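Numbers restart at 1 for each chain; the letters A, B, ... are given by sequence-line order, proteins then strands. Because the structure is a prediction, the values reported are computed rather than measured.
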Amino acid sequence: MISGVFSVDSKAELGEEIREEFPLLANNSELAYLDNAATSQKPESVLSAMNRYYREENANVHRSLYKLAEISTLALENSRAVVRQYLNAASSQEIIFTKSSTEGLNLCAWSLGELLLSPGDIVLVSALEHHSNFVPWQQAANRADAKLVAIPVNEDATLNIDFLETLEKDGRAEKIRILAVAHISNAFGTIHPIRAISAWCRKHDITMVLDAAQSLPHFPIDVQATGADFLVFSGHKTYGPMGAGVLWGHEKWLEKMPPWQTGGEMISTVRLEKSTWNELPYKFEAGTPNVAAVVGLAAALNWMIATGLSRLETRELKLGEHAYEKLVSVKGLKLYGPVDLNQRRGVFSFNLEGIHSHDVAQYLDKAQIAIRSGHHCAQPAMRHLGIQSTARASLAVYNTIHEVDRLVDAIVGAREYF
Amino acid sequence: MISGVFSVDSKAELGEEIREEFPLLANNSELAYLDNAATSQKPESVLSAMNRYYREENANVHRSLYKLAEISTLALENSRAVVRQYLNAASSQEIIFTKSSTEGLNLCAWSLGELLLSPGDIVLVSALEHHSNFVPWQQAANRADAKLVAIPVNEDATLNIDFLETLEKDGRAEKIRILAVAHISNAFGTIHPIRAISAWCRKHDITMVLDAAQSLPHFPIDVQATGADFLVFSGHKTYGPMGAGVLWGHEKWLEKMPPWQTGGEMISTVRLEKSTWNELPYKFEAGTPNVAAVVGLAAALNWMIATGLSRLETRELKLGEHAYEKLVSVKGLKLYGPVDLNQRRGVFSFNLEGIHSHDVAQYLDKAQIAIRSGHHCAQPAMRHLGIQSTARASLAVYNTIHEVDRLVDAIVGAREYF
Amino acid sequence: MNELDNLYMEIILDHYKFPRNKADLSHIADEYLHENPSCGDSLKLELVVGGDGKIGSVCFDGHGCAISTASASLMSERLIGKTPEEARRLIDVFLKVLRGEENSDSLEEWGDLMVLGGVTQFPLRVKCATLAWHAARKSLASCTE
Amino acid sequence: MNELDNLYMEIILDHYKFPRNKADLSHIADEYLHENPSCGDSLKLELVVGGDGKIGSVCFDGHGCAISTASASLMSERLIGKTPEEARRLIDVFLKVLRGEENSDSLEEWGDLMVLGGVTQFPLRVKCATLAWHAARKSLASCTE
Ligand SMILES: Cc1ncc(COP(=O)(O)O)c(C=O)c1O
Ligand SMILES: Cc1ncc(COP(=O)(O)O)c(C=O)c1O
């Protein structure tokens with residue numbers, strides 16, 4: 001899944017020394033941080049880029065003529081160019097900075113919803129979505145008197161894609177205006193067949209929103225190759241800082257969509273009766289942008305490129321294989337999600353027989369292993385699968401084989417403790 | 001305007017050494033940064049608080065049981081408690097973190113607008129508002145088929161408060177549901193009579209939204225004493241980082257208001273047909289919060305308290321008086337805004353006869369003096385006053401008498417250059 | 001793992017494995033489910049006040065962790081025989097202790113329940129320990145007001 | 001202040017103080033105002049193509065800084081006598097140079113206009129220098145297509 005834009009470096013395999021580039025981990029040598037699907041740690045280069053920004057370049061952007069504002073504006077726009085290139089978007093105008101995936105998805109749901117939805121229409125989501133790609137669409141459908149329909153989930157936490165055929169047969173496909181789906185499920189790690197889905201959307205003239213919050217951290221994505229019309233991701237899950245997210249959208253849609261948040265920077269003229277809007281991408285960026293965070297996000301993408309995208313991916317795949325094999329062999333452990341390793345990435349959701357996942361997580365914490373327990377903001381999926389909560393370990397490139405082994409040992413310990 | 005919550009320290013007057021606490025300024029000894037109404041520089045303690053957070057405490061919040069997440073959650077909630085105390089809000093539930101004032105005002109306009117506005121209603125703003133407190137209300141009024149009315153502006157950039165009487169007499173006062181007004185005008189520095197306005201709102205049962213983006217940097221505010229129902233401000237203008245803003249609202253309103261952005265963290269249960277919402281303040285905080293920025297914001301407020309709120313204010317008032325006296329004596333310079341110094345704070349908007357403000361700003365930049373030129377996101381006010389643009393110098397506590405003198409000298413230089 | 005044992009006292013693990021007053025409450029509509037939104041735990045509670053004005057039975061049903069299950073189990077034992085007024089007072093004290101607003105010594109006379117005081121050292125588990133109590137608070141509010 | 005002189009060349013200051021082809025265009029509705037949203041500058045433009053298919057007159061009106069006024073003034077001189085097609089080509093080259101997509105040498109044969117090349121060193125002033133040209137581009141689009 002390496003895109004062709006970057007020279008794939010041929011350097012040696014990435015080793016555990018990568019962990020040392022992350023100050024929080026370097027300062028906590030005993031910590032096995034396995035909650036990467038929630039948020040990632042940040043490398044030194046990201047922290048120092050933000051720090052440098054505040055110490056040398058901080059100013060408000062766009063509207064000032066002095067040198068510092070020029071530098072700050074450049075910092076913002078250069079970061080936008082980095083994101084554009086990383087995603088292979090057609091132009092920088094298509095790159096809208098948000099504070100998070102959630103904000104990007106809300107922007108789509110409010111603005112695209114207003115543009116496209118009429119009473120009786122359908123918004124199609126999957127039952128495997130994170131709440132941030134589910135509730136905004138539910139609310140948008142409500143506002144428009146449209147209907148929310150969810151692609152059901154199979155036992156192995158894959159999408160029941162046959163359902164698309166059902167929608168064709170019973171005529172509902174014609175009424176679908178928007179389809180919103182994750183690239184990878186944050187709860188189970190399932191990789192969804194997004195090219196098949198986007199091809200189906202094309203066929204039925206459906207606008208597709210892709211939630212890449214869990215995929216962008218694991219491999220680069222060429223937005224034009226996805227076939228989607230929109231894509232969101234969060235910097236803080238991608239080795240970048242909190243407060244920097246990206247919404248990419250096709251210019252043809254962004255041009256037509258009404259603005260959502262209004263205020264400074266996004267206007268052209270303001271009169272009492274009526275305002276007109278600034279050009280893209282500013283139309284969708286009301287208020288003072290978080291330049292420092294955006295600079296940090298660009299530094300994170302640059303760090304990934306410099307470290308080598310294929311090396312990162314290779315290392316993660318290896319860790320993932322190891323984790324999978326170890327976990328499935330633990331007695332009394334039920335591992336959720338696809339059995340085919342090619343259909344999953346990074347996330348391992350499980351339960352120990354007779355022990356609540358909270359108690360497992362608490363036990364692991366005492367062994368300095370940080371995992372998550374709960375519904376992972378995916379209640380509809382949990383309900384479909386008839387589970388209340390799971391323990392979830394999720395990987396990033398700085399994790400080690402040893403940490404995975406410690407995880408498995410501690411799980412066995414927990415089984416005995418309770 | 002010092003609130004009573006903090007022990008007002010009796011230390012000696014603040015001197016210019018305060019400038020050294022700001023790394024960007026310490027590194028640029030020649031820079032006279034006079035664009036503080038746009039954004040402030042940040043003291044070392046703010047930068048190191050954020051840095052420490054990422055190096056020692058970074059994790060996602062709320063939903064995890066491990067130690068690091070507990071620490072990160074505490075960092076978030078302790079910061080909320082700092083803001084609560086600083087504003088003297090009744091409870092932490094009333095403190096909602098946003099990315100900026102703009103986002104807070106949009107939240108109000110969307111959610112309060114939906115709750116309160118019906119066809120024929122009136123939203124009252126002032127013609128002196130920043131676009132971020134104007135356009136969202138214009139759009140909310142449009143959505144509800146309500147009307148936007150603006151309090152007109154006098155020649156000296158004060159509000160024509162007599163207009164409120166007109167509204168009473170012609171019966172329009174009865175139709176006003178929401179009044180949104182700035183505490184201090186970002187374009188002219190006018191302090192608006194907000195207590196008189198809030199008393200008037202009480203009388204007419206009008207919900208009042210106060211935009212404190214330009215006042216909170218200059219003096220502490222006791223939200224309960226303002227008489228307003230909502231207040232917003234931006235951390236980045238208050239010695240804090242970008243990406244952290246605050247919306248304070250009365251619990252009684254926040255409870256009734258529908259959520260605006262939806263997604264992770266803000267839900268209670270999610271079903272296909274319907275979702276229910278988390279308790280306050282989380283109902284309004286969808287998605288991963290920007291904990292680092294919020295930690296930086298709390299550090300900024302703590303820095304102000306530790307430095308001494310009355311000392312900060314005294315120093316700024318002195319700088320302001322000096323700037324005023326010097327500027328009004330420059331030949332060919334028209335200074336906008338109130339002539340009564342008690343009615344203005346921090347902002348000096350002016351034009352030089354026959355010279356466009358852009359050219360003035362460009363000239364000043366070459367003398368390492370950073371000011372702003374343009375409409376300052378206040379087109380309605382500019383139109384009311386019949387001006388196209390102004391040059392604007394705005395002060396913060398780290399500015400010096402010498403910088404103000406350099407400003408004035410360079411203005412004289414510009415007058416001769418062009 | 002000493003600290004962990006402070007949380008998972010033997011009494012708690014016992015009530016987790018053998019919860020008292022746990023019953024099938026599937027006859028109660030899902031509407032009346034009490035949920036902890038931050039973790040997915042949910043609980044139904046049935047609280048019956050007898051002719052003598054005292055709580056005759058407290059039953060619960062649901063999915064929860066050791067802490068939330070043990071807390072519900074311990075609570076059920078404690079509330080039976082109390083008047084609604086007494087129960088409300090008890091609940092308020094308990095919630096205050098768990099929120100850290102009152103010293104956990106206040107639980108000292110509560111017998112087995114005292115062990116739940118250890119949860120205060122695990123702030124993120126407080127919600128688990130209080131789920132049942134909030135549910136009881138709500139039931140009591142609706143049964144007498 | 002050498003650098004500043006690169007921006008405010010004498011020719012620019014001259015065209016600012018004595019703009020050519022500046023006229024009262026209050027008869028043109030505000031709808032047709034061209035604005036630079038980031039700074040508040042605004043401009044009206046009237047461009048007349050004569051019977052010979054050539055631009056006979058270019059007038060502008062508005063409030064702007066030295067750069068935007070001088071640029072409008074210099075542009076007006078340059079466009080008069082050109083066919084709409086030629087004018088469009090000129091405008092496109094100018095915009096490319098100012099956006100940094102083409103070397104400013106391209107302006108070398110443009111006479112006085114060359115001085116505007118200096119603006120490329122002041123990225124935040126590029127919008128000032130191009131306002132009139134974008135306006136002309138729009139007028140030309142509507143006058144022939
Ligand atoms: C698949 C998916 N979508 C959306 C989100 C929301 O991201 P954020 O909290 O950064 O807005 C997440 C993060 O938890 C996620 O995993
Ligand atoms: C009075 C006023 N309100 C609102 C804003 C918007 O603040 P932000 O850009 O931080 O959202 C500003 C900032 O320019 C302002 O001065």
Side-chain angles (χ1 to χ4, degrees), chain B residues 30 35 38 128 130-132 134-135 186-188 332 334 336 349-392 406 409-418, chain D residues 1-19 22 25-26 29-31 33-44 60-73 98 115-116 118-132 135:
Chain B
E30 291 304 306
D35 193 18
L128 268 176
H130 187 281
H131 293 156
S132 290
F134 192 97
V135 188
N186 70 302
F188 303 103
K334 173 157 179 52
Y336 300 96
S349 231
F350 63 90
N351 268 319
L352 278 182
E353 214 184 309
I355 309 178
H356 193 282
S357 59
H358 281 26
D359 299 312
V360 175
Q362 189 82 58
Y363 184 92
L364 295 187
D365 179 45
K366 282 298 149 238
Q368 295 225 51
I369 299 166
I371 66 158
R372 183 148 291 224
S373 158
H375 54 57
H376 315 300
C377 297
Q379 287 182 6
M382 304 301 269
R383 207 171 291 117
H384 264 243
L385 295 175
I387 38 185
Q388 207 75 17
S389 79
T390 73
R392 183 188 73 181
R406 276 172 58 203
D409 290 349
I411 289 172
V412 173
R415 199 183 56 199
E416 274 145 32
Y417 184 86
F418 291 104
Chain D
M1 295 245 165
N2 258 334
E3 217 188 311
L4 202 62
D5 295 342
N6 279 341
L7 181 64
Y8 296 112
M9 307 264 224
E10 234 167 80
I11 300 170
I12 288 185
L13 290 180
D14 179 60
H15 276 262
Y16 175 40
K17 284 175 194 154
F18 311 101
K22 187 164 180 190
L25 297 181
S26 49
D30 277 359
E31 247 182 281
L33 211 56
H34 298 274
E35 300 191 89
N36 179 347
S38 68
C39 66
D41 282 1
S42 63
L43 181 127
K44 285 178 187 172
F60 75 98
D61 192 4
H63 299 263
C65 60
I67 307 300
S68 89
T69 305
S71 183
S73 171
L98 272 273
V115 300
L116 285 170
V119 176
T120 53
Q121 288 158 51
F122 296 81
L124 299 171
R125 302 307 293 276
V126 167
K127 285 201 168 173
C128 307
T130 54
L131 180 61

More than 12 heavy atoms of other groups within 6.0 Å of B:E416 CD: yes
List the residues meeting ring pair (Phe, Tyr, Trp, His ring centres under 6.0 Å) with D:H15, not counting sequence neighbours, and say none if there are none. none
Centroid-centroid under 6.0 Å between B:Y363 and D:Y8 rings: no
What I'd like to find out is whether the side chain of D:D41 reaches to under 4.5 Å of the side chain of B:H356, using heavy atoms alone.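 The answer is yes, as the side chains (C-beta and beyond) meet within the 4.5 Å cut-off.
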Taking the side chain as everything from C-beta on, heavy atoms only, tell me whether D:I67 gets closer than 4.5 Å to B:H358.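 SC-SC contact between D:I67 and B:H358 ruled out.
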At a 4.5 Å cut-off on heavy atoms, which part of D:L7 comes close to chain B: side chain, backbone, both, or neither?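 Just the side chain, heavy atoms under 4.5 Å.
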Portion of D:T69 that has a non-hydrogen atom of chain B nearer than 4.5 angstrom: neither
For B:D359 and D:A66, the nearest pair of non-hydrogen atoms, with its separation, is OD2-N, 2.6 Å
Could you list the residues that satisfy side-chain contact (heavy atoms from CB on, under 4.5 Å) with B:R406, not counting sequence neighbours? B:A32, B:Q368, B:I369, B:H402, B:E403
Can you tell me how far the CD atom of B:Q388 sits from the CD atom of D:E35, to the nearest 0.5 Å? 8.0 Å
